[in-house]
Structures are given as structure tokens and as C-alpha cells.
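Structure first, commentary second.
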Amino acid sequence: MPERASRDSAASGPANTCDPAGIQSAPVFDIKRYAISDGPGIRMTIFLKGCPLSCRWCHNPEGISPAIQKMYTESKCIGCGECVDHCPEQACELTDEGITTDGKLCTACGLCAQVCPARASEMSGHYETVAELMKVIENERPFFDQSGGGVTFSGGEPLLYPEFLCAALDACGKLRIHRTVDTSGLVSEGKLLEVATRTDLFLYDLKLMDSKRHEQWTGAGNRRILKNLQALAATGAEIQLRIPLIKGVNTDEANIGATAVFIAALPGPEKTIRLLPYHDVAGSKAAKLGQRHDRGSMTEPAEADLERIVTQFASHGLIAAVGG
Ligand code: SF4
Ligand code: SF4
């Protein structure tokens, strides 16, 4: 489909360089403290909003759009009508099914969330400057220092905001804080390699080796993602490959075999491989965003599937572990 094809190629434009003095704020939708699965030690993971992919299994659907979004949880709503009274756009309506929001009228001003006494209405995403973020990061330094941890920039896709990301990575580097970047790989090669000069560890997602199936399940082909991974590996960067395992999508022997062949041929130091079994948690978040979640053929892999996949990687000389 033309739209999807252009999303794959949009990230393949000229090799722009990062200008840390450029845009220095970005939309953040979550900050996770004491994270232990996004790199070494105890970490702070910062989730930037906006992603060039839209994976059907995405655990964080609120991270796909770069826009600030309203989220509503019907089970928390006490029907007080405060949001209806305060919405300047008359976008909220109290119905038998709770609050409905007219997306065409809503400007994401956040007033409904401010007045909601039950936190049934919330806003996902707020803009944060590098300076503001660094204050939060610096508070956690004792945990990083004691555990060998640091900061992980995730998303969404943190490389959608290269100036912000480079400035934040530079600021962390000055404080000798370990820096991890979690990327989908669907970014410009130039920006990726610029970011690599400021990054200690990459978490790099590999989903499907067949580009058409990749497009079918994530909204974009994988040509740029695979090419970027080869270019990044050639720099000698430390890379952990993360493979979400979704039965009915990518756990078949053909895809795992092709993935293993590709990884085994990558240049640079040995890569760690983490297998991340799919869990069906996207539905409840999609409902909060007023979106429909179609699970389709996606199911959670069984223990036997995981054992077979680990064995298949081992047959290519690769060590793959289950979990982040
Ligand atoms: S975010 Fe603002 S415009 Fe949108 S529903 Fe809430 S109060 Fe109304
Ligand atoms: S303000 Fe909150 S609790 Fe009250 S009706 Fe609106 S969403 Fe429900």
C-alpha cells in the first residue's frame, strides 16, 4: 500500500546529523524508575511518544502517535459530569456507557483530566525539555552508581527526536551515566550512527524477516531496519537484539531460521539475543484510547515453542535467552 511504502522510505532520507542545539523538547508518555530489564543494573526508562511502526501486538499503543492523547477508563468513572461541565469544546458527553469524547472536537487541552476526581480521564504525553529531564535523571544517580545502571531511552521511537535525544545523551555522558537506546531501527542511517557515538548499548528490535509480512503486521517493510542494523553492527556498537515472539506471526521455523542466519552474519562483537514472549495486554490500553484492538491470529507462545526457538538459535551458534 502506498502509505506504508512511504513510511518505510521516509526514514531512509538523506543522512541528517544530530544538532544537540536544535529542538530540545520531546513528548514523553512515561518514565519508569527502577527498571531492571532495559539494560544493565537499575535503570530509568524514558518513553518518548511517536513511532514509525504500528505493530499489531504493541504493548504501549499510546506510544504510537506523537500527539498528546486523552485516555479514559470506564471502570474508574463515577459519572460526576465534571469533565462535561469543564470541557471548553463540548467534546465530552455522559452516556449510559460512561463518558464519550468526540475526537473531532477534542483539542487535548487536558482540562477534563485536571478536574476528574477519579482519574478516569487522563492525558497521555507531555512535553519535557532536556534540562527538566536531566533534573529527574540526576535524582536517581545513587541507584545507577550502586547497581551499574543508567538511563534507557525508549518509546515509541526515541530517534524520532534526534536533537533532543543527542542532547540528553550528551548530558548523561558528561555525568558518566550509562546510556541505552531502544530503537525500532526504522530511522535514517545518518541519525542512527550519530546517536551511536553517544550510546553505550543499543536494544534493537527484530520482528519479521520477510518484508511483506513485516509490513502486514507492523505497517512498514523491514528493508531499512535490516540495513541500519548491519551499519550499526559494523561500527562495533554493543547491541542487544530483542525479538518479540508472537505465535501466529513470527514464531514459525522459517522466520526464526532466517533471523538466526541474519544475526550470525552481522559484523562486530557478539550480540546478545533476548526473546520477549507476547502477552495480550494491548486490548485494555487500546480501549482507553477509544481504539479497537483486533487480536486476530496472535496468541502467546507456549513453553515448547520457546524451547524450540532457543534450540534453533543455538544450532546457528547463537545464545538466546527468554526475557528482557
Ligand atoms: S482534553 Fe480538553 S477538549 Fe479534550 S475532552 Fe478533555 S477538556 Fe475537552
Ligand atoms: S470527571 Fe472523571 S469521573 Fe467524572 S464523569 Fe468525567 S471521567 Fe467520569
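Order of appearance sets the numbers: ligands from 1, and atoms from 1 within every ligand.
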Ligand-side contact atoms (ligand 2) for residue partner Gly81, heavy atom cut-off under 4.0 Å: 4 (Fe), 5 (S)

Min heavy-atom dist Val115 to ligand 2 below 4.0 Å: no

Residue pair Arg141 / Ile177, side-chain heavy-atom distance below 4.5 Å: yes

Side chain proximity check, Val181 to Arg198, heavy atoms < 4.5 angstrom: no

Protein contact to atom 5 (S) of ligand 1 [nearest heavy atom, distance to 0.1 Å]: Cys92 SG, 3.5 Å

Donor on one side chain, acceptor on other, Glu157 and Thr183, under 3.5 Å: yes

Heavy-atom nearest neighbour of atom 4 (Fe) of ligand 1 within options Cys106, Cys109, Ala108: Cys106

Atom indices of ligand 2 within 4.0 angstrom of Glu82 heavy atoms, with elements: 1 (S)

Any side-chain donor near an acceptor of the partner, Lys70 and Thr101, under 3.5 Å: yes

Straight-line distance of Ile309 CD1 to Leu275 CG, nearest 0.5 Å: 6.5 Å

Residue, atom name and distance, where the atom is the protein heavy atom closest to atom 3 (S) of ligand 2: Ile78 N, 3.4 Å

Numbering as shown, the atoms of ligand 2 that approach Cys116 to under 4.0 Å (heavy-atom distance): 1 (S), 2 (Fe), 3 (S), 7 (S)

Per-atom contacts, ligand 1 versus Thr107 - under 4.0 Å to a heavy atom: 3 (S), 4 (Fe)

Point-to-point distance, once rounded to the nearest 0.5 Å, from CZ of Phe47 to OG of Ser124: 11.5 Å

Value rounded to 0.5 Å, distance of CH2 in Trp217 from CH2 in Trp57: 8.0 Å

Flag side-chain contact, heavy atom, 4.5 Å: Glu189 against Lys191: no

Nearest-contact summary for atom 8 (Fe) of ligand 1 - protein heavy atom, Å: Cys87 SG, 2.4 Å

Distance from atom 7 (S) of ligand 2 to nearest protein heavy atom, with residue and atom: Ser121 OG, 3.3 Å

Proximal atoms of ligand 2 relative to Tyr72 (non-hydrogen, under 4.0 Å): 7 (S)

Atom of Pro269, atom of Gly236 and distance for their closest heavy-atom approach: CG-O, 3.6 Å

Contact check: Cys77 to atom 8 (Fe) of ligand 2, N/O/S below 2.8 Å: yes

Connected via hydrophobic side-chain network under 4.5 Å: Val187 and Leu165: yes

Ligand-residue contact atoms, ligand 1 with Cys112, heavy atoms, under 4.0 Å: 1 (S), 5 (S), 6 (Fe), 7 (S)

Enumerated ligand 1 atoms positioned under 4.0 Å from heavy atoms of Glu89: 3 (S)

Minimum non-hydrogen distance to atom 1 (S) of ligand 2, winning option of Gly79, Cys83, Ala118: Cys83

